[in-house]
K.L.:
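Below are the structure tokens for one structure; questions will follow.
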Amino acid sequence: MGNLIEIKGVTHAYKTKAGPFPVLDNLNISVPEGSFCAVVGPSGCGKSTLTRLIAGLMFPDQGEVWLHGERVRSPRKTVGMAFQNPVLLEWRSILKNVILPLEIVAPAMPRAGKEERARELLAMVGLEGFEDKRPSELSGGMRQRASLCRALVHKPDVIILDEPFGALDAFTREDLWQTMHELRVKEPVTAVLITHDLRESVYLGDQVVVLSGRPATTQHVMQIDLPGPRPLEMLYAPESVERLSVLRQQIRIAQGRTETERGA
Amino acid sequence: MRFNWQKVFVPLIAMALLLLFWEWLVWYKGWRSFQMAAPSQLWPAYQRHEALFWQYGWQTLWRTMAGLAISVVVGTLLGMIMGLSRIMNDALYPILVGFNAIPKATVVPVIALMFIGQHDFNTVLMAFLISFFPIAVSVAIGLSTLEPEYRDILRSLGASRFTVFWKIALPKTLPEFFGALKVAATLAFIGTNLVEIITPHGRGLGHLFQSAQTNSDFPLMFAVLIALAILGIFLYYVVVMLERIFAGWAERQPG
């Protein structure tokens, strides 16, 4: 299997009145087809910029972003996004919210087909029976589940998850991590998961990319070669804890707390 | 649902007490009809000019609604331009604020002089001028404060700006829009009456009020005021009904 996402030497700076404000510096990430890439790094290091570059909503000053062997020059219909804020539309039912991407990507698809696909996904994440509810009638965790369904409804080959579990309480978050593993079995997809939770990155990722502080560059790449779907107990298993401590050390370096290894 | 006696009778009793006090005050002070009106004189005053009330009431109402309709169209367009373009917002906002700061009573003679004799046009124009501002501002704010994630969800699929506007930005702005429309409806009503009262030979309830004032006919003046209040309440609830239909989702469910 080849790499579905290739980020090659991406450098980007925002133009501000005070001059260029560099956020990404020679960033390199490769994500094989069907695998999950968790991206961690100090806050404000340009992780969200990265998501917008992959989605084709922005273009880097230097370097290239490739999806499926094609250079990204515009938004693509084969990308799904979910954010920390579930951004569901309050005037639509949960079902209609999930259908939304299909209205853009497949306007000719019959309504019954769209609804069937949305119901299928909602059932997978345990939202059966909530199709006709309004978003405000659901809990935060349920809203985030619906948001994941919306990101997957049009069968994208890439999903971009920008801290989707960041605002949830610890137990709800663990529930959603498991849901994510279950979803991967039924809906194989390549994913970039931005997170600031190291345990999340180890539990959900097939590789973890640690970004350095701003401007962000690829500081460390760790392969998590543990089979999936992973049981929740794995969070506390020695092989996880071992990896966590390495990542923790890398984050400390990224934050500039230790002098060693930087730029090596 | 149980019939709530308290909700119905307490306000009715309070209103009856107020009217009784008013009636008593006029009787006790011995005010004549050219000094003050008592509540009991209002209905006879209405009956004396019943045909005029309906004719003028309709004129006031349609002029207000026409002005409000233009406000909705122009205000929404202005709000869209300002909400979607930073440059246009910087250009237009000071002009709008400045225009809105002018007391509209001073604009009435200007308009009356510019379009002499065209009462319908003048009145509708005034109702529009006084009421488009809140609509424009609320639509502009609603559009410019749209969280970027809402846009990204559709933009990342290659949706056009128009699609994002139609599917997300516009419906999301509706609650603010209707909030502004309630204010605008009241303002448009003020605009209509301003013109009808200030400019001579205008028609509408404002004109009836003006001629009652000339004759110191207090019962007729108060009867017109109450007719105006009824029209205003009617207009307000028309907007509330539209809001329920188009933006009912924004209402929190009780409990």
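All values below come from the heavy atoms of this structure, side chains included, with hydrogens, waters and symmetry mates left out. Proteins come first, then strands; the chains are lettered A, B, ... in the order of their sequence lines, and each starts at number 1.
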K.L.:
Considering only heavy atoms, which portion of B:L174 lies under 4.5 Å from any heavy atom of chain A: side chain, backbone, both, or neither?
P.N.:
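No part of B:L174 comes within 4.5 Å of chain A.
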K.L.:
Within the supplied structure, the quantity of interest is the number of heavy atoms (other residues, nucleotides, ligands) at a distance under 6.0 Å from B:Y237 OH; does it exceed 12?
P.N.:
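Atom OH in B:Y237 is not crowded, with 12 or fewer foreign heavy atoms closer than 6.0 Å.
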K.L.:
Sort by residue number and list every residue of residues 141-164 of chain A having at least one heavy atom under 4.5 Å from chain B.
P.N.:
A:R150, A:H154
K.L.:
Hey, could you give me the CE/CZ distance between A:M81 and B:R155, rounded to the nearest 0.5 Å?
P.N.:
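Those atoms lie 12.5 Å apart.
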K.L.:
Any idea which heavy atoms bring A:W91 and B:K167 closest together, and the distance?
P.N.:
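Heavy-atom minimum between the residues: CZ2-O, 3.4 Å.
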K.L.:
Just wondering, more than 12 heavy atoms not from B:I87 lying within 6.0 Å of its CD1?
P.N.:
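Atom CD1 in B:I87 is not packed in, count stays at 12 or less.
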K.L.:
Under a 4.5 Å heavy-atom cutoff, which of B:A247, B:A159, B:S160, B:P171 has the most pairs with chain A?
P.N.:
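Sorted descending by pairs with chain A, the first entry is B:P171.
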K.L.:
Counting only non-hydrogen atoms closer than 4.5 Å, does B:S156 touch chain A with its backbone (N, CA, C, O), its side chain (CB onward), both, or neither?
P.N.:
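Both backbone and side chain of B:S156 come within 4.5 Å of chain A.
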K.L.:
Within a radius of less than 6.0 Å around CZ of B:R86, do more than 12 heavy atoms belonging to other residues, nucleotides or ligands occur?
P.N.:
no
K.L.:
Got a second to check how far A:R92's CZ is from B:I168's CD1, nearest 0.5 Å?
P.N.:
8.0 Å
K.L.:
Check the surroundings of atom NZ in A:K8: do more than 12 heavy atoms from other residues, nucleotides or ligands lie under 6.0 Å from it?
P.N.:
yes
K.L.:
Quick one: which residues of residues 102-128 of chain A reach chain B at under 4.5 angstrom, heavy atoms only?
P.N.:
A:E103, A:I104, A:V105
K.L.:
Between A:F83 and B:D152, which heavy-atom pair has the shortest distance, and what is it?
P.N.:
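It is CZ-CB, 3.8 Å.
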K.L.:
Above 12 or not: heavy atoms from other molecules or residues under 6.0 Å from NZ of A:K133?
P.N.:
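Counting neighbours around NZ of A:K133, 12 or fewer heavy atoms of other residues, nucleotides or ligands fall under 6.0 Å, so no.
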K.L.:
Step through the shown structure and confirm whether more than 12 heavy atoms of other residues, nucleotides or ligands are within 6.0 Å of CZ on A:F59.
P.N.:
yes
